[in-house]
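Working notes, beginning with the structure itself.
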Number of protein chains: 2
Amino acid sequence: MSGLFLRTLREDPADAEVISHKLLVRAGYVRRVAPGIYSWLPLGMKVLERVEAIIRDEMDRIGGQEVHFPALLPREPYEATGRWTEYGPALFRLKDRKGADYLLGPTHEELFTLMVKGETSSYRDFPVTLYQIQNKYRDEERPRAGILRGREFVMKDSYSFDLTDEGLDASYARHREAYLRIFARLGLETQIVSAMSGAMGGSKSEEFLATADSGEDTYVRCPASGYAANVEAVTTPAPPDESVADKPEAVVYDTPDTPTIETLVDHVNGLGLGRTFTAADTLKNVMVKTRLPGAAEWTLLGVGVPGDREVDMKRLEASVAPADVALLEDADFAANPFLTKGYIGPVGLAKNGVRYLVDPRIVTGTAWVTGADEHGRHVVDLVAGRDFTPDGTIEAAEVREGDPSPDGGGTLVAARGIEMGHIFQLGRKYADALGLTALGADGKPATVTMGSYGVGVTRAVAAISEQHADEKGLVWPAEVAPYAVHIVIAGKDPAQAEAATGIADGLAAAGLDVLLDDRKASPGVKFADAELLGMPTTVTVGRGLANGVVEVTDRASGDRREVPLDDVVAELS
Amino acid sequence: MSGLFLRTLREDPADAEVISHKLLVRAGYVRRVAPGIYSWLPLGMKVLERVEAIIRDEMDRIGGQEVHFPALLPREPYEATGRWTEYGPALFRLKDRKGADYLLGPTHEELFTLMVKGETSSYRDFPVTLYQIQNKYRDEERPRAGILRGREFVMKDSYSFDLTDEGLDASYARHREAYLRIFARLGLETQIVSAMSGAMGGSKSEEFLATADSGEDTYVRCPASGYAANVEAVTTPAPPDESVADKPEAVVYDTPDTPTIETLVDHVNGLGLGRTFTAADTLKNVMVKTRLPGAAEWTLLGVGVPGDREVDMKRLEASVAPADVALLEDADFAANPFLTKGYIGPVGLAKNGVRYLVDPRIVTGTAWVTGADEHGRHVVDLVAGRDFTPDGTIEAAEVREGDPSPDGGGTLVAARGIEMGHIFQLGRKYADALGLTALGADGKPATVTMGSYGVGVTRAVAAISEQHADEKGLVWPAEVAPYAVHIVIAGKDPAQAEAATGIADGLAAAGLDVLLDDRKASPGVKFADAELLGMPTTVTVGRGLANGVVEVTDRASGDRREVPLDDVVAELS
């Protein structure tokens with residue numbers, strides 16, 4: 001350690017909120033260069049290399065072949081698939097000296113597709129799985145949490161190419177197994193959740209979330225059935241349609257001073273209608289506008305949800321992707337005077353040709369208290385399928401703990417996680433856009449179907465730190481620890497230094513990576529650093545040496561025990 | 001091979017001029033994505049990984065500690081050292097979504113300096129050597145020769161930090177030894193040459209050139225003394241000054257129709273002056289303009305060289321760096337009417353205040369035939385130090401085979417090479433600019449002195465291919481070959497496939513990487529691919545199997561011999 005390029009810090013970095021960020025900086029694993037852009041110091045490099053080796057090993061095991069693409073990429077392939085525009089401001093774009101457009105690759109679907117197109121021709125060349133471990137770039141609006149969400153980061157991305165849907169299913173299943181093995185070896189506790197495929201296109205898609213309270217991704221799961229999904233991917237079970245025939249007539253009432261759902265419910269309950277209404281009986285119409293990438297104009301969209309639920313903007317965004325979505329501003333209301341703020345109803349929207357999508361719970365025959373399109377007035381018993389007909393349904397309402405599980409197996413609970421891996425069945429979107437076909441065994445050309453699979457490599461280092469840390473520092477799982485054993489020379493007695501060096505040499509000869517703290521520092525500083533740096537096992541050579549023993553500490557459990565000097569190498573090897 | 005992602009090509013790529021480019025593309029090691037931007041296919045990846053492993057091994061051996069910096073870097077550190085501007089159009093620049101300036105790192109001196117500044121404080125922290133293997137970016141005007149000169153490429157760059165000049169000398173020497181070992185292990189024949197440090201600043205600097213006729217770098221060496229230098233770094237020995245006293249008077253003559261040095265010499269020899277003049281007696285004055293990075297205005301510069309030599313623009317550029325240099329255009333002559341094109345002389349330049357630098361051979365007392373600053377007139381016997389006084393000397397004249405070696409040890413011969421490594425004594429330039437000091441043992445702060453050392457990693461793959469190839473394909477040295485043994489199943493007899501698989505398994509069990517050609521292809525196609533792909537040893541399992549033998553071919557020598565099937569694994573292991 002006297003020669004190791006390392007300075008540990010006693011204070012948390014000012015910009016750090018999550019424990020992995022605090023500890024990886026304090027323990028000298030990473031350093032910030034710019035927002036979301038980090039350097040890796042020697043200890044961090046060792047962890048990163050071990051993580052990469054595990055991923056490489058498991059990818060090779062499922063027949064993946066490693067390739068490497070540039071990070072600096074020409075615009076054309078991304079133009080062909082529409083992603084040059086779709087990515088919006090998250091894409092780093094630049095020009096070369098000749099004015100040609102380039103980008104820093106956020107993912108490489110296009111390039112992999114074109115590579116396979118170039119190197120294959122017939123069904124004999126398939127299936128094939130290619131992967132790379134490579135720098136990716138996304139100009140995040142809010143890079144956060146150190147290396148957890150960076151703007152330059154390392155990903156393993158792989159792509160499978162098959163000629164049949166069954167082949168894609170098999171490739172997808174192989175990746176799923178490989179990911180389970182990878183995360184187990186990394187010491188990461190993960191939850192597989194159903195996910196939206198979002199801007200990537202495609203059909204089936206699952207995420208591997210490292211469970212962590214600091215995670216950015218909220219997911220729900222059903223303890224009874226095992227169902228789990230990213231909140232964006234939760235589908236709301238629709239109740240059965242109801243008969244319209246026996247519903248009361250819709251009646252408009254004056255509803256002064258009802259600025260909130262709560263005051264509206266109180267007011268309606270005071271009308272003496274002989275029924276008790278709750279917020280769940282009201283229909284809240286939230287006005288937004290959407291715009292497809294590259295389009296100049298925004299389009300109005302009305303979103304109807306039961307009044308006891310908020311619109312979840314992330315769910316709404318996922319539902320309308322790749323279009324952008326934004327709430328209406330005052331100027332939008334001014335430009336559309338038929339929108340009576342606070343009293344918008346389905347009838348007025350239909351009359352003015354505004355697209356109107358509703359929560360799946362709003363089925364035919366359900367009756368609602370909602371806006372009457374006049375200031376200070378609401379309508380009661382407006383019945384879906386009789387008095388108004390939505391243009392379709394949309395998943396935009398918040399998901400809550402206690403909601404029924406979409407698989408009917410129980411109720412949902414919420415948790416948070418860090419997205420560590422994502423597996424997609426892309427299907428033929430990219431192959432279609434870029435013309436990737438192969439001559440089938442029947443002599444006819446067939447379009448190739450693809451899967452896309454990613455693991456956040458630098459993020460994994462952060463996620464492991466989130467799950468394996470305590471108030472004293474990092475606690476590395478054995479397979480990713482920079483060093484297997486940390487040896488502390490506790491005192492100034494030359495015999496201690498000699499014994500410690502002997503142990504270090506013995507362990508190194510047995511193939512273990514050893515970190516020897518030979519610094520001129522106090523025992524307290526050394527012990528604190530050993531705990532902060534987080535190697536799985538610490539050997540302290542101190543006063544006990546006079547009695548022929550050293551102390552072996554397990555970082556994770558804190559257990560300490562004395563071991564005879566002569567046995568320690570054999571025991572730890 | 002039936003499952004390997006590989007398609008070999010029979011035709012050279014249209015844009016390929018050098019053999020490494022042709023063969024690495026034909027053999028399926030790399031593919032072009034954009035000018036100077038390449039992808040690596042599975043075979044190429046294996047070579048690249050082996051090259052990286054050798055470099056890592058040798059860097060660790062000299063105590064280097066591996067770190068990793070981002071490629072996407074903020075402008076500020078490069079602004080502090082002036083390189084944001086100095087790099088000119090070769091720097092890829094971009095803005096993030098907030099409008100902040102970023103660049104893609106061409107080298108990382110600034111970042112390493114700042115990192116060491118952050119992690120160190122006292123002399124106890126030194127010396128330290130850090131390295132990374134990482135993507136670099138340079139927007140080359142003319143990317144060429146495949147991966148030999150790319151715009152995105154992998155480099156190993158390392159930096160040494162010492163408190164004393166002697167320490168820097170030692171760090172530099174260690175790197176020099178490490179580089180010799182690296183290139184030997186890579187199978188690269190290299191020549192160490194003295195080099196200019198150019199825009200990097202600093203003092204001592206040497207390049208490791210892989211000898212190759214296709215190399216972009218011309219160097220000279222003196223077979224007698226062992227001197228070798230990049231052409232830019234050759235210093236011209238100055239002859240001794242001569243006495244001015246006994247020189248004839250300068251006389252101006254009409255010299256009509258003398259557009260070239262040759263016609264001028266003929267004309268002067270026809271004047272009946274009783275002497276014979278040669279081109280070496282004339283003084284050619286080449287007008288250029290220079291501009292410092294960031295400056296708005298160009299400044300005139302006259303460059304005087306003996307008339308028998310051309311100005312070498314690369315040497316001139318290196319001499320004026322970091323300033324840019326360009327030849328005068330018609331507009332420049334129009335703006336400076338005192339410049340009489342074709343008849344420019346030192347006297348007129350001095351009269352008009354134009355800076356005038358001459359070749360070191362133009363010493364005091366030498367007499368020259370040169371322009372008389374009037375159309376159609378030249379002056380004879382214009383004597384340096386008497387009739388004109390240059391503002392200094394400049395290395396701009398071409399270096400020729402047969403020139404005396406600067407070390408006085410003989411004459412120079414010219415050769416070409418590929419720049420594979422570069423070692424610099426940077427000194428304190430970056431430490432000064434970025435404030436990197438450390439508290440010395442004497443309690444006083446001392447500025448750190450740095451060395452900078454680079455190896456072209458992707459370029460090494462190309463250089464190895466240049467040196468190890470023949471008309472049939474690549475010929476990999478053992479330590480970098482993707483596979484040690486290439487096994488060809490020559491016929492359709494199942495016994496051959498079985499024997500070949502047995503050999504492959506046996507060799508794999510012995511720790512060798514084996515490529516088994518199990519494709520349904522003709523023996524001719526298989527043999528041609530084996531030669532194209534270039535593994536060191538090929539085992540052919542063919543008709544000889546009936547007699548219990550297989551054929552072992554050495555790719556480099558072409559030697560073939562029969563080996564009993566039962567012995568082949570033991571013999572090759």
Review point. Within a radius of less than 6.0 Å around NZ of Lys526(B), do more than 12 heavy atoms belonging to other residues, nucleotides or ligands occur?
Key: yes
Exercise for review: Taking atom NZ of Lys136(B) as the centre, report whether more than 12 heavy atoms of other residues, nucleotides or ligands fall under 6.0 Å from it.
Suggested key: yes
Review point. What part of Val30(B) lies closer than 4.5 angstrom to a heavy atom of chain A: side chain, backbone, both or neither?
Key: neither
Relative to chain B, which segment of [X] carries a heavy atom at a distance below 4.5 Å: side chain, backbone, both, or neither?
X	answer
Val33(A)	both
Ala100(A)	neither
Arg93(A)	backbone
Leu104(A)	side chain
Leu111(A)	side chain
Leu114(A)	neither

Exercise for review: Give, for atom NE2 of His68(A) and atom OG1 of Thr458(B), the distance between the pair rounded to the nearest 0.5 Å.
Suggested key: 10.0 Å
Exercise for review: To the nearest 0.5 angstrom, please state how far the CZ atom of Phe92(A) sits from the CG atom of Leu94(B).
Suggested key: 6.5 Å
Exercise for review: Heavy atoms only, distances under 4.5 angstrom: which of Pro74(B), Ala71(B), Gly118(B), Pro77(B) has the most pairs with chain A? Name it, please.
Suggested key: Ala71(B)
**Study point:** Largest heavy-atom contact set with chain A, pairs under 4.5 Å, which of Gly44(B), Pro89(B), Ala34(B)
**Key:** Pro89(B)
Which heavy atom of [X] sits nearest a heavy atom of [Y], and at what distance?
X	Y	result
Phe69(B)	Ser39(A)	CD2-OG, 2.9 Å
Glu141(A)	Arg97(B)	N-NH1, 3.4 Å
Arg151(A)	Tyr102(B)	NH2-OH, 2.6 Å
Leu4(B)	Gln65(A)	CD1-OE1, 3.3 Å

Check your understanding: Considering heavy atoms only, which positions within residues 8-15 of chain A lie below 4.5 Å of chain B?
Key -> none
Check your understanding: Does Glu49(B) reach the side chain of Glu66(A), with side-chain heavy atoms less than 4.5 Å apart?
Key -> yes
**Study point:** Ser121(B) side chain near Arg7(A) side chain, heavy-atom distance below 4.5 Å
**Key:** yes
Review point. Of all residues at least two apart in sequence or in a different chain, which pass the salt bridge (Lys or Arg N to Asp or Glu O under 4.0 Å) check with Arg138(A)?
Key: none
Revision key, fill the gap. Residue from Ile37(A), Leu91(A), Asp125(A) scoring the most non-hydrogen pairs under 4.5 Å with chain B is Ile37(A)
Review point. Step by step, would you call Glu119(A) with Leu41(B) a side-chain contact (heavy atoms from CB on, under 4.5 Å)?
Key: CA-CA 10 Å; Glu119(A) 308 300 319; Leu41(B) 299 181; 4.0 Å; yes
Point to revise | Qualifying residues under side chain to side chain donor-acceptor pair (under 3.5 Å), relative to Tyr78(B), sequence neighbours excluded | key: none
Check your understanding: Does any pair with a residue in residues 115-136 of chain B pass ring pair (Phe, Tyr, Trp, His ring centres under 6.0 Å), and if so which ones, sequence neighbours excluded?
Key -> none
